[in-house]
Amino acid sequence: MKFGGTSMGSADRMRIAAQICADARKQFSVAIVVSAMSKVTDLLLSTLRAAEEGDHEGVKENIRIIEKRHNETCRELLPESRQESVLASIHALIEEFERLSSGILMLAERPPRSVDEALAIGERLSATLMSACLDSSGIPSIAVNARDVVVTDGIFGNASPLMDHTRERAARILLPKLNSGTLPVITGFNGATLDGKPTTLGRGGSDFSASILASALDAKELWIWTDVDGIMSADPRLVPDAAVLDIVTYREAAELAYNGAKVLHPRTIAPLVEKGIPVWSKNSFNIPAPGTKIVPHAEGYGPRAVTSMANVALISIEPASPAIQGTMLMGRVLEALGRANTEVLAFTSSSYRQSFCFLIRKDEVDASLESLKAELSLELAHEYVHPIEVDDNVGLLAVVGEGMAGHPGLAGRVFTAISALQVNIIAIAQGSSELTISIVVRRDGLERAVKAVHAECKMGVAKS
Ligand code: ASP
Ligand code: MG
């Protein structure tokens with residue numbers, strides 16, 4: 001099971017998580033993965049930014065806030081006899097963070113490796129508290145730093161697991177504990193390279209940690225505890241009649257996550273595919289709710305959900321000279337984006353002039369442009385390629401559903417519903433799998449378009 005930041009957010013929440021563990025242990029052997037307490041990773045990160053800027057006072061103040069929050073949680077959570085040793089562990093972790101921050105203050109720069117080491121401290125703090133909570137409630141438990149178990153490549157800030165090594169470590173380190181009835185509380189989000197350099201799996205990466213470990217341990221099921229009832233047909237803040245989906249497929253869940261549904265980290269599904277491990281998305285604030293089951297295959301087809309992303313930008317590139325071969329240009333552009341670690345959310349190309357455009361996240365625009373301009377510097381200087389255009393007054397809407405291919409006329413209905421609102425469609429992309437139709441619209445029409453598509457496809461109505 002994995003508990004997210006809000007499910008670890010206070011002493012009360014940790015107690016509820018411990019109760020969930022106690023119940024699950026009646027049926028299963030359980031290991032859990034925990035996120036940092038809510039908002040802690042953000043606070044750690046802003047502390048490191050303050051350190052880079054030389055803001056000694058800011059660093060000190062943030063560290064004080066972080067330590068206080070964990071100390072208070074500890075005092076509220078544990079019987080007095082157990083507090084002293086846990087407070088000492090918290091203090092030791094805070095000191096570790098202080099040391100890393102001092103390094104950054106001194107260097108006036110944030111080496112990615114130190115950032116990863118420092119950010120993981122949020123999860124190490126919550127795992128320490130959660131493990132002590134379980135232990136004091138009578139469930140033998142041990143906190144495990146994922147750095148010792150999850151082996152990754154060396155892409156700091158966005159590492160990927162090396163599964164064979166991870167499986168070997170999980171068998172060596174976690175299985176004996178499970179077999180002896182001890183519940184391991186493993187830090188989410190972090191790992192380390194084979195030679196021990198600390199890494200993280202990307203923001204929100206604890207879901208991914210959980211699926212990596214579920215796969216490495218051949219888990220029967222993975223339960224992901226969050227603060228919403230499951231995966232929904234749309235964001236309920238935009239669409240009041242959005243409904244929880246009882247079953248979605250792996251591919252649907254991955255597409256939904258990728259296209260902006262916040263309930264699951266986009267990379268969560270991949271490690272589970274080989275073994276077909278089912279995942280439950282459940283609400284620790286509403287335990288009786290059934291949640292969403294994510295499975296390899298399911299019956300029932302058609303559009304299931306609509307997602308949207310507002311913080312995106314459309315970048316257009318157009319050759320200015322017929323001497324430029326469009327395909328080569330696209331290849332180079334994609335390579336430049338890859339080097340900048342940019343994720344391309346949608347890509348379309350159609351015109352005779354070989355122009356093409358693609359959608360990326362707003363916060364990746366600067367790095368992407370820098371990389372593109374370096375790659376195309378000659379062509380831009382000689383005006384073989386028109387100046388790169390960036391339009392950030394756009395939003396992405398994605399309609400997701402397994403087997404939409406079997407619904408002729410669906411795309412037409414979706415487009416009609418959007419244009420009936422006078423919302424301008426700027427670009428469209430549909431993969432050949434027809435699992436997702438991505439539509440780029442003017443930003444100010446995004447919310448209305450989501451509502452209209454949800455109604456048109458009757459997504460709020462349970463189909464299964
Ligand atoms: N604590 C990390 C973050 O906030 C990982 C996670 O919560 O999944 O990004
Ligand atoms: Mg999360």
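None of these values were measured; they are calculated from a predicted model. Start at 1 and go down the list; that is how both ligands and their atoms are numbered.
Residue Ser35 touches ligand 1 through its side chain alone, judged by heavy-atom distances below 4.0 Å.
The minimum heavy-atom distance between Ile247 and Arg304, with the atom names listed, is O-NH1, 3.1 Å.
Considering backbone and side-chain N/O atoms, Glu123 comes within less than 3.5 Å of an N/O atom of ligand 1. At a 3.5 angstrom cut-off on N or O pairs, Lys2 does not count as close to ligand 1. For ligand 1, one of its N or O atoms has an N or O atom of Gly204 under 3.5 Å away.
Classification of the Phe358-Phe347 ring pair by plane angle, with boundaries at 30° and 60°, yields parallel.
Residue contact check: Thr41 has heavy atoms under 4.0 Å from atoms 1 (N), 2 (C), 3 (C), 4 (O) of ligand 1. Listed by number with element, the atoms of ligand 1 under 4.0 Å from a non-hydrogen atom of Arg203 are 3 (C), 4 (O), 9 (O).
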Result block: side-chain N/O donor-acceptor pairs under 3.5 angstrom for residues 365-372, not counting sequence neighbours:
from   : atom 1 : to     : atom 2 : distance (Å)
Ser368 : OG     : Thr342 : OG1    : 2.8
Ser368 : OG     : Glu364 : O      : 2.4
Ser371 : OG     : Ala336 : O      : 2.7

**Item:** Candidate pair Ile224 and Lys282, rule side-chain contact (heavy atoms from CB on, under 4.5 Å), full reasoning
**Value:** CA-CA 6 Å; Ile224 295 189; Lys282 283 172 171 287; over 6 Å; no
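Ligand 1 does not have Gly188 within reach: every non-hydrogen atom of the residue lies 4.0 Å or more from it. Within the structure, ligand 1 lacks His265 among the residues with a heavy atom less than 4.0 angstrom away.
Counting only N and O atoms by type, the side chains of Thr193 and Arg113 include no donor and acceptor under 3.5 Å apart.
Under the side chain to side chain contact (heavy atoms under 4.5 Å, CB included) criterion, Ser10 pairs with Asp12, Arg13, sequence neighbours left out.
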